[in-house]
Undergrad: 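Starting off with a structure, shown below.
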Amino acid sequence: MTTQIPLWVIPFFPLLGALTLGAIALARTKSEQPVPEGYIGALAVFFPLLSFFATVMLAIGLPHGGVYAETLGSWISVGDFQVSFGFLFDSLTRIMLLFVTGITSLIILYSIGYMKGDSGYVRFLSYLNLFLFSMLILVLSDSLPLTFLGWEGVGLCSYLLIGFWNKDLLNCKAANKAFLINRIGDVGFLLGMFTLLALGGTSLLNYANLNETMFNGSLASHPFASELILIAAFFLFFACTGKSAQIPLLTWLPDAMAGPTPVSALIHAATMVTAGVYLMARLSALFAFDLFFSAIVLLIAVATAFWAAIAGLVQHDIKKVLAYSTISQLGFMFMAAGAGAYDVAIFHVFTHAFTKAALFLGAGSVIHALGGEQDIRKMGGLAFKLPSTFLIMLLAWASLIGLPGLACFWSKDLILESVYPILYPTHLVYYAALFTAFLTAVYMTRLMVLVFLGKFRGSSNTAEHVHESPIIMQIPMWILAIGCIFAGYAPSTSDTHHTDIFFVTTGSLAALAGLGVAVFYFRRKIPRYPGHGELVGFARIWTFSFDKLNFVLGILPARIAAFVLDLVNKFLRITVIVVGMVPIICSEGLRFMQANRLRVQLTLSVLGSVILVYCLVFFIR
């Protein structure tokens with residue numbers, strides 16, 4: 001009989017890595033000796049790999065439908081408010097942790113080569129380990145408060161990583177934007193927990209208790225049970241829109257491209273942005289309670305996926321094309337959740353993680369080869385200059401657009417199948433999703449054509465120095481590329497794949513049609529490079545529409561309210577000063593009249609006597 005590995009060791013390893021690397025970074029702040037990058041890099045990837053191997057061993061030992069639970073002790077104990085510090089490992093946790101720990105380890109290995117020579121090398125690797133620790137707490141927790149601890153942790157680490165190169169003001173602004181928008185969403189998380197507390201106490205904050213309560217109907221006796229459940233679901237979904245960049249809290253994610261490319265791969269592929277989808281799946285009993293709520297989730301997801309697909313089609317920055325693609329694919333995941341197919345949503349999280357991580361790391365390889373250039377209008381012809389990177393991105397591209405047999409093909413078509421019955425008999429949601437899948441093929445093929453085909457459009461000096469990435473960057477890229485082929489064959493949470501030929505055919509035709517349109521159009525029409533990287537015309541209006549909308553509906557009213565409240569505050573302060581000055585002035589006058597001066601006192605006494613006599617005579621008459 002084998003001994004089960006304690007669940008706490010999974011997050012403990014990256015925490016130990018973060019503390020160790022952080023201590024080394026602090027100890028070397030004033031050192032002029034070169035950083036032993038090989039040793040530091042090995043240390044940085046060693047702890048996440050230990051966490052991955054521990055997860056694999058637990059996953060292998062977990063029986064079908066089994067659950068490992070572990071309570072480390074009491075965490076919060078205030079009167080009736082009792083929350084324990086506990087972990088939960090079930091089939092959902094298993095699939096999340098396998099790719100979170102595995103892909104993060106690959107991204108850290110890639111970072112060893114990508115960040116070589118950077119002055120903040122050790123600090124960066126420490127942040128990556130801390131990020132992984134926070135994500136593991138988020139996924140492993142058995143209650144909403146502990147999930148919120150990890151939720152805030154990944155938010156803090158994303159701020160540190162996006163603004164890592166903080167000498168650039170734009171990077172600092174992007175980090176601030178991501179941090180603040182996520183904090184807005186976190187208010188929804190807190191309000192959702194408070195609503196559940198009002199509904200049934202701290203027991204409803206525990207996932208097992210909440211799901212059991214939702215299924216057994218024990219809340220039926222509460223007079224406002226349905227209303228409070230719906231309110232809690234709305235607040236928690238609002239939090240999910242912040243982390244997973246859905247309407248209305250989606251504008252932070254494209255700006256997050258300001259960070260180093262490994263950060264983009266980490267945040268956009270397997271960790272932070274999937275947290276919202278994970279929470280939807282974990283609380284599926286709560287979110288599936290009301291059909292009206294599910295319809296709202298579905299419509300927001302469709303709108304987000306379509307908007308982001310159009311935005312991705314007009315971008316010139318290679319990383320921003322992939323960023324908007326991530327938002328669109330997250331929309332597909334939320335579509336599945338809105339349709340009640342939570343297992344399909346997690347399956348797409350799994351396949352998309354390999355695909356998008358490979359694309360981002362491939363984009364980082366291109367940027368590395370071109371000395372930092374990110375504008376796809378100044379690329380072209382790189383297929384023969386960067387053959388390894390091209391093949392990796394080709395496999396990831398084929399997976400993302402849903403070509404038959406590759407990873408995202410299985411999960412994407414399952415999503416289309418799950419939304420097909422919605423709005424029967426018109427199937428409007430299905431056709432909107434299918435059209436968005438077509439757009440996915442268009443904008444991703446556009447990227448591949450402009451980057452790898454045709455003639456090189458950059459400067460001649462850049463062309464002479466184009467080179468393939470070092471082997472330490474290529475190894476994780478190839479492992480992810482293999483995942484783009486086979487990840488779809490791994491057992492999904494439902495352990496099934498669809499066999500309906502209709503959805504296979506329509507999904508594949510949408511991908512092939514998008515591919516053909518993009519190749520036909522963009523092989524002949526290369527976007528002009530007017531000398532600056534800013535978007536103009538429709539591209540600018542569409543891309544920044546939600547930024548403008550947020551400004552009009554959120555920031556501008558807040559500024560007006562702040563201005564009015566500032567005026568009121570100043571008026572009240574002036575009023576307080578004036579009212580306070582009146583008794584001071586009067587007291588000063590009276591004090592003068594009571595002064596120790598004999599002549600003044602005699603004069604006032606005589607004057608008072610004369611006035612008193614005059615009044616008496618006047619009234620006697």
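Note that the coordinates shown come from a computational prediction; the quantities given were computed from them, not determined experimentally.
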Undergrad: State which residues pass side-chain contact (heavy atoms from CB on, under 4.5 Å) with F194; sequence neighbours excluded, sorted by chain then number.
TA: L190, L191, L197
Undergrad: Would you mind checking if R94 and D90 are paired as a salt bridge, meaning a charged N to carboxylate O distance below 4.0 Å?
TA: no
Undergrad: Without hydrogens or angle criteria, can the side chains of S411 and T351 be said to hold a donor-acceptor pair below 3.5 Å?
TA: yes
Undergrad: Answer with yes or no after comparing the ring centroid distance for W151 and F189 against a 6.0 Å cut-off, counting only values under it.
TA: yes
Undergrad: Taking the six-membered ring where the residue is Trp, are the ring centres of F164 and F124 under 6.0 Å apart?
TA: yes
Undergrad: Mind checking what makes side-chain hydrogen bond (donor to acceptor under 3.5 Å, both in side chains) contact with K320, not counting sequence neighbours?
TA: none
Undergrad: Any side-chain donor paired with an acceptor under 3.5 Å for Y68 and T93?
TA: no
Undergrad: ring-ring contact (aromatic ring centres under 6.0 Å, His included): which pairs involve residues 276-295, sequence neighbours left out?
TA: F234-F293, F237-F293, F287-F293
Undergrad: Could you pull out every donor-acceptor pair under 3.5 Å between side chains of residues 11-25 and any protein atom, sequence neighbours left out?
TA:
unit_1	atom_1	unit_2	atom_2	d
T20	OG1	L16	O	2.7

Undergrad: Just to verify, what does Y324 make a side-chain hydrogen bond (donor to acceptor under 3.5 Å, both in side chains) with, not counting sequence neighbours?
TA: none
Undergrad: Answer yes or no: is there an ion pair linking R573 with D566, defined by an N-O contact shorter than 4.0 Å?
TA: no
Undergrad: Give, for atom NZ of K243 and atom CG of L249, the distance between the pair rounded to the nearest 0.5 Å.
TA: 10.5 Å
Undergrad: Taking side-chain contact (heavy atoms from CB on, under 4.5 Å) as the test, write out the residues that go with L180, two or more places apart.
TA: none
